[in-house]
Protein chains: 2
Amino acid sequence: MEHPDLIDAMNATQAAQRLTARQPLVDDVHAVLVDMLMNHALEPGSRLNIDSMARNLGVSPTPVREALARMEAQGLVVKEPRRSYIVAPLIGLEDLRALIDFRLLIEPAAAAAAALNASPDEATALQTFARSGGSGDQDATSNRLDMVYDATFHDIIAKLSNNSWLRESLLRARSHLHMYRLYHHAKQAAATKPEHVAIARAIAQGDPDAAAEAMRTHLTTAMRRIDDVFASGELKLQKPR
Amino acid sequence: MEHPDLIDAMNATQAAQRLTARQPLVDDVHAVLVDMLMNHALEPGSRLNIDSMARNLGVSPTPVREALARMEAQGLVVKEPRRSYIVAPLIGLEDLRALIDFRLLIEPAAAAAAALNASPDEATALQTFARSGGSGDQDATSNRLDMVYDATFHDIIAKLSNNSWLRESLLRARSHLHMYRLYHHAKQAAATKPEHVAIARAIAQGDPDAAAEAMRTHLTTAMRRIDDVFASGELKLQKPR
DNA sequence: CGATCCTATTTCCTATAGGAAATTTACTAT
DNA sequence: ATAGTAAATTTCCTATAGGAAATAGGATCG
């Protein structure tokens with residue numbers, strides 16, 4: 001009558017259960033939905049059917065609704081009264097330009113703060129991570145991994161800035177989703193990897209000005225790459241309905 | 001499909017719609033709870049009893065829980081698994097500093113953009129509004145009106161920046177709410193009005209540098225005022241549990 | 001053929017019920 | 001008297017039920 005698969009999982013990990021108290025189902029559902037949304041498993045702009053989501057997850061609609069209420073406050077979904085929620089839509093080229101402008105205000109400062117705040121361990125971890133990703137391959141899974149790599153790299157820096165307001169505002173923007181949807185055939189990851197490495201190096205050296213400048217360069221060149229792709233006509237601008 | 005005349009007709013009857021078409025209960029509950037939280041009708045740190053709140057509001061626990069889930073994502077309450085929620089503590093000095101730092105990254109740029117974008121009508125409207133508010137009286141209602149005045153002024157500028165990301169990120173931060181909660185007992189010397197007027201003037205003159213500088217001054221003096229209040233011991237620092 | 005209205009089904013939203021965890025109360029033993 | 005424990009009560013959390021709105025399907029009319 002309740003969630004059988006979860007119960008099986010609980011029996012399997014019964015020892016672990018004794019140590020860590022089971023967290024409410026809502027938190028699990030929320031984590032799953034956020035993950036699906038961030039990974040494009042929930043299509044932006046699409047309507048969410050609460051009952052079917054609940055069935056698919058093996059839970060009742062109640063925790064699903066609660067998770068969606070959280071996600072609404074996070075700006076990840078948009079409530080349409082009496083019509084459930086839709087996944088927050090992605091954007092067109094003009095809005096993307098505004099997004100880059102916005103990030104140019106914030107992320108260079110975040111990188112500078114990270115250069116001042118990061119411990120040696122954190123700095124080397126960042127450098128290691130920067131070198132780890134960005135295969136640049138063209139198949140779908142590599143592309144998705146590259147997107148996660150990019151998002152994670154920027155989030156690590158935001159975290160190192162020690163400013164939760166800053167970090168939250170970037171997470172909410174979901175820049176990586178917007179960028180990769182509009183422009184995933186260009187060799188974004190391959191091109192960005194050396195730029196990430198440069199940013200990480202400046203942070204590891206504790207040089208805030210160089211870190212900020214490297215971040216600025218990274219963002220402006222990303223915007224220029226996108227402009228080039230659009231100018232070449234490879235991508236058509238999608239009308240947001 | 002959306003004929004402009006039809007849309008106008010809909011707007012005309014929008015007031016009538018609001019009477020009949022009632023918005024979901026969750027939204028009402030959320031609004032009430034946020035208001036109670038701002039006015040310290042919900043005391044910071046106190047545990048929330050979902051059932052009794054539902055009884056007091058004359059609704060069932062379900063919409064109350066949903067509203068609380070939203071408020072959790074907004075940082076207004078803190079979830080304690082299996083123990084409901086507690087009201088989030090008042091913002092501490094360190095978080096407040098981070099919030100001002102964050103705004104210093106964004107709002108001067110917003111003011112500069114507004115100086116470039118604002119039409120003459122919009123500029124004079126902004127100036128009129130800047131001069132309209134900020135009574136500075138000490139009673140509770142005046143204090144609240146001053147808060148709304150301040151929040152509105154900053155939001156108008158964010159809107160005039162023509163960058164929705166920028167505006168959204170400021171709205172989501174809800175700085176005015178946090179400040180109002182801190183200064184609920186009416187002690188804020190509302191010296192902000194002349195600073196607002198100065199910002200509005202620079203924007204009206206179409207001078208982006210002056211506008212940015214005036215905004216920077218406004219924010220840094222606000223931070224200094226806060227430091228003074230904390231230093232005077234009127235407000236206690238929040239101990240992180 | 002297209003538009004409007006009416007019916008049927010789906011889906012949302014709120015209330016209620018019940019199991020499980022947490023808290024309080026009461027009791028026992030040292 | 002106090003510490004520890006067990007029972008009783010409260011409270012949370014999830015599932016389910018049912019009324020109300022919205023969508024889909026179909027028929028009638030222009």
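Remember, it's a predicted structure, so these values are computed and weren't measured experimentally. Any value given below was found using the heavy atoms of this structure, including those in side chains, with hydrogens, waters and symmetry copies removed.
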_dC12(D) phosphate, OP1 or OP2, under 4.0 Å from Ser84(B) side-chain N/O_ = yes
*Sugar-phosphate only, base, or nothing, as touched by Leu48(A) at under 4.0 Å among non-hydrogen atoms*: sugar-phosphate
*Between dA22(C), dA22(D), dC12(D), spot the one nearest the side chain of Arg83(A), thanks.*
dA22(D)
*asked:* For Pro81(A) and Pro24(A), find the nucleotide of DNA chain D closest to each by heavy atoms; which residue's nucleotide sits nearer the 5' end?
replied: Pro24(A)
*Going by atom types only, do Asp146(A) and Tyr180(A) share a side-chain donor-acceptor pair under 3.5 Å?*
no
*Figure out the CG/P separation between Asp51(B) and dG18(C), and round it to whole Å.*
15 Å
*Please state whether the rings of His154(A) and His196(A) are parallel, tilted or perpendicular, taking 30° and 60° as the class boundaries.*
perpendicular
*Could you state the CD-P distance from Glu66(B) to dT14(D), rounded to the nearest angstrom?*
13 Å
_I need the CG-C1' distance between Asp28(A) and dC13(D), as an integer number of Å._
13 Å
_Comparing Arg55(A) and Pro61(B) on DNA chain C - which has the more 5′ nearest nucleotide_ = Arg55(A)
_At less than 4.0 Å, is any side-chain N or O atom of Arg65(B) found next to OP1 or OP2 of dC13(D)? Yes or no._
yes
*Would you indicate, yes or no, if dT11(D) has its OP1 or OP2 atom less than 4.0 angstrom from a side-chain nitrogen or oxygen of Arg82(B)?*
no
*Figure out the CG/P separation between Asn56(B) and dT11(D), and round it to whole Å.*
12 Å
*Using the ring of each side chain (for Trp, its six-membered ring), is His178(B) parallel, tilted or perpendicular to Trp165(A), with breaks at 30° and 60°?*
perpendicular
*Is any side-chain nitrogen or oxygen of Arg47(A) closer than 4.0 Å to OP1 or OP2 of dC12(C)?*
no
*Leu25(A) has an atom CG; how far is it from atom P of dA21(C), in whole Å?*
13 Å
*Atom CG of Leu57(A) to atom C1' of dA15(D): distance rounded to whole Å?*
15 Å
*Taking only N and O in the side chain of Ser60(B), is any of them less than 4.0 Å away from OP1 or OP2 of dT14(C)?*
no
*Using whole Å, report how far CE of Met53(A) lies from P of dC13(C).*
13 Å
*Rounding to a whole Å, what distance do you find between Ile50(A):CD1 and dA22(D):C1'?*
13 Å
*Could you tell me which residues satisfy salt bridge (charged side-chain N to carboxylate O under 4.0 Å, His left out) with Asp51(A), sequence neighbours excluded, listed by chain and number?*
none
*Has Asn49(A) got a side-chain N or O lying under 4.0 Å from the OP1 or OP2 atom of dT10(C)?*
no
_For dT11(C), does the base pair up with any side-chain atom of Ser52(A) as donor and acceptor (N or O, under 3.5 Å, distance only)?_
no
*Sort and list the pairs that fulfil salt bridge (Lys or Arg N to Asp or Glu O under 4.0 Å) and have at least one residue in residues 155-172 of chain B, not counting sequence neighbours.*
Arg172(A)-Glu168(B), Asp155(B)-Arg167(B), Glu168(B)-Arg172(B)
